[in-house]
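Working notes, structure below.
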Protein chains: 2
Amino acid sequence: MTVMGDDEGVRERKRRETRQRIVDAGLKLFGRHGYEATTLDAIAAEAGISRRTFFHYFKSKDEILISMQAGLGEQLSAALRAQPAHRPPLDAMRAALLALVAPYSPESLLAIDRLMHSSETVQARKQASYIRDEAMVFAALREHWPDEPEPQMRLLASFAIAAVRLSLDTLSREEGRRPLGTLLEESFEALEALARHR
Amino acid sequence: MTVMGDDEGVRERKRRETRQRIVDAGLKLFGRHGYEATTLDAIAAEAGISRRTFFHYFKSKDEILISMQAGLGEQLSAALRAQPAHRPPLDAMRAALLALVAPYSPESLLAIDRLMHSSETVQARKQASYIRDEAMVFAALREHWPDEPEPQMRLLASFAIAAVRLSLDTLSREEGRRPLGTLLEESFEALEALARHR
DNA sequence: GAAATTTATGCACTCAGTGCAATATATATT
DNA sequence: AATATATATTGCACTGAGTGCATAAATTTC
């Protein structure tokens with residue numbers, strides 16, 4: 001007998017839970033022994049699944065970490081679409097980024113950042129995923145501001161992702177002294193100054 | 001008896017030649033069967049060395065391709081240092097990039113670009129190497145223009161690499177219709193327009 | 001409750017990459 | 001020219017990531 005319409009079947013719930021157990025196991029072991037030294041066997045054991053099953057949830061070991069920062073593209077695109085279309089895209093981007101970033105705590109961002117730096121392949125994959133984010137943001141820009149010239153929108157998308165990347169870098173370099181929002185603002189000011197200063 | 005001071009010993013010459021044979025073998029086989037389907041055994045055989053020896057020349061399979069685009073950071077840094085220090089950095093960057101890019105033919109750039117797209121790992125490594133280039137360019141900027149604010153120089157380095165990346169993308173998308181120099185100019189104009197337009 | 005789908009697992013396999021020890025080749029020394 | 005030393009090449013055995021396939025277990029559908 002089904003008691004309440006939770007609209008999520010047992011299958012979906014279990015799948016979500018297992019996925020989470022894998023992520024937890026991965027983060028725990030990566031944190032303890034480092035990324036490279038942690039084998040998939042160990043992660044599978046810790047998560048209570050077989051090694052083979054791991055690959056039904058993630059295509060590769062690094063995906064565990066990449067999944068942590070996945071969603072930047074989608075989220076930023078969504079935040080952009082929430083902006084009024086009559087605003088200049090650069091201003092809209094600034095607002096969207098600030099809104100997006102507000103909920104994150106520096107500590108959690110720093111912790112993830114540290115793990116990302118522990119392996120070359122992870123580092124590489126992270127950059128690649130930024131490129132995907134960039135493409136997604138570009139698509140959103142084109143859709144929302146179809147009259148703006150394409151090269152400018154490509155550059156804006158690229159700048160937005162670079163701003164996030166540089167701000168996270170600086171956050172990490174400064175060990176969280178200044179909040180991410182401030183660092184993002186700094187990037188926008190740098191952009192204006194750079195273009196004006198000639 | 002040594003006949004002429006070629007200043008390159010047999011050892012160095014052989015090493016250079018072997019490295020080149022590996023690259024040639026790799027490109028040939030990647031082009032024929034694709035990146036993933038080409039094993040290191042096949043490359044080693046084609047280059048006339050043992051599989052183990054391959055790893056004395058490259059850390060990994062993807063390095064063969066990455067080595068193709070390596071040097072962007074160094075070259076751009078050098079081109080920057082050749083610019084007069086009283087010029088505004090953005091103008092200097094534009095000149096440096098245009099000078100740097102002039103000698104390359106669209107065909108060779110397109111061919112390499114196609115190979116880079118054939119594998120996810122290669123793609124990822126390529127992006128990672130862009131990040132290293134960016135860091136190198138930033139260092140050169142700071143050295144040459146120590147009085148400019150740091151965030152602006154970080155952003156400029158990031159913009160320069162993004163401009164190269166976007167221009168190569170467009171070159172590939174347009175199948176070489178417009179030369180790389182033109183596309184780079186377009187990026188610089190987009191930057192100005194983007195920052196002004198508010 | 002039976003049939004159809006989806007998920008979990010074991011097994012055998014390929015291939016990238018590493019450590020180590022032995023051999024071959026190039027350079028330096030006398 | 002012979003020898004010592006440094007560097008390059010190779011084979012071998014190993015670890016670990018990732019895939020294909022076939023089978024068993026669980027979930028959903030009817």
Side-chain angles (χ1 to χ4, degrees), chain A residues 1-22 25-26 29-30 33-67 118-125 128, chain B residues 1-22 25-26 29-30 33-67 118-125 128:
Chain A
M1 65 193 172
T2 343
V3 176
M4 282 199 48
D6 226 344
D7 106 308
E8 183 195 53
V10 177
R11 216 164 234 170
E12 279 156 322
R13 198 197 69 237
K14 278 198 170 180
R15 196 169 174 81
R16 200 173 32 75
E17 286 171 352
T18 302
R19 190 186 163 90
Q20 191 56 50
R21 279 209 317 285
I22 295 176
L29 296 179
F30 292 158
H33 311 293
Y35 176 83
E36 307 280 7
T38 305
T39 69
L40 287 181
D41 278 311
I43 295 174
E46 178 78 27
I49 57 170
S50 76
R51 203 179 81 92
R52 194 64 186 79
T53 298
F54 169 86
F55 290 102
H56 288 149
Y57 288 86
F58 296 93
K59 279 210 315 282
S60 58
K61 188 175 158 185
D62 43 47
E63 261 204 6
I64 297 176
L65 287 176
I66 297 306
S67 76
S118 65
S119 147
E120 278 220 17
T121 37
V122 173
Q123 193 66 8
R125 294 279 178 183
Chain B
M1 67 194 173
T2 343
V3 176
M4 282 200 49
D6 225 344
D7 106 310
E8 184 196 52
V10 176
R11 216 165 235 169
E12 279 156 323
R13 198 197 69 237
K14 277 198 171 180
R15 195 169 174 82
R16 200 174 31 76
E17 286 171 352
T18 302
R19 190 185 162 90
Q20 192 54 51
R21 279 210 316 284
I22 295 176
L29 296 179
F30 292 158
H33 312 293
Y35 176 82
E36 307 280 6
T38 304
T39 69
L40 287 181
D41 279 310
I43 295 174
E46 178 78 26
I49 56 170
S50 77
R51 204 179 80 92
R52 195 63 187 79
T53 298
F54 169 88
F55 289 103
H56 288 148
Y57 288 86
F58 296 93
K59 279 211 314 282
S60 59
K61 187 175 157 185
D62 44 46
E63 262 205 7
I64 297 176
L65 287 176
I66 296 307
S67 76
S118 65
S119 148
E120 278 222 16
T121 37
V122 173
Q123 194 65 7
R125 295 279 179 182

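Side chains of B:Ile66 and B:Phe58 form no contact here, defined as non-hydrogen atoms less than 4.5 Å apart. A:Ile49 is listed as a side-chain neighbour of A:Arg21, based on a closest heavy-atom distance under 4.5 Å.
Running 5' to 3' along DNA chain C, contacts with non-hydrogen atoms of chain A at under 4.0 Å begin and end at C:dT5 to C:dC11.
Mapping B:Asp41 and B:Arg11 onto DNA chain C via the closest heavy atom, the residue that lands nearer the 5' end is B:Asp41. Projected onto DNA chain D by closest heavy-atom contact, A:Phe55 and A:Val10 fall at different nucleotides, the more 5' of which corresponds to A:Phe55.
For the pair A:Lys61 and A:Phe30, the cation-pi test (distance below 6.0 Å, angle within 45°) is failed.
Looking at every heavy atom in both residues, A:Leu29 comes nearest to A:Thr38 through O-OG1, 3.3 Å.
The distance from atom CD of B:Glu12 to atom C1' of D:dA8 is 13 Å, rounded to the nearest whole Å. Look at CZ on B:Arg13: it is 14 Å from P on D:dA8, rounded to the nearest Å.
For the residue pair B:Asp62 and B:Ser60, a side-chain donor N or O sits within less than 3.5 Å of a side-chain acceptor on the partner.
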Could you walk me through whether B:Glu63 and B:Tyr57 satisfy the side chain to side chain contact (heavy atoms under 4.5 Å, CB included) test, starting with their C-alpha distance in whole Å, then the side-chain angles of each, then the deciding distance to 0.1 Å, before giving a yes or no? CA-CA 9 Å; B:Glu63 262 205 7; B:Tyr57 288 86; over 6 Å; no
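Among the heavy atoms of the strands lying under 4.0 Å from A:Thr38 are primed sugar atoms or P, OP1, OP2 only; no base atom is included.
No donor-acceptor pair under 3.5 Å is formed between the side chain of A:Arg51 and the backbone N or O of A:Asp41.
The environment of CD in A:Glu120 is sparse: at most 12 heavy-atom neighbours from other residues, nucleotides or ligands sit within 6.0 Å.
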N/O to N/O distances under 3.5 Å, protein versus nucleotides 9-11 of chain D:
residue : atom : partner : partner atom : Å
D:dT9   : OP1  : B:Tyr57 : OH           : 3.0
D:dT9   : OP2  : B:Tyr57 : OH           : 3.1
D:dT10  : OP2  : B:Ser50 : N            : 3.0
D:dT10  : OP2  : B:Thr53 : OG1          : 2.8

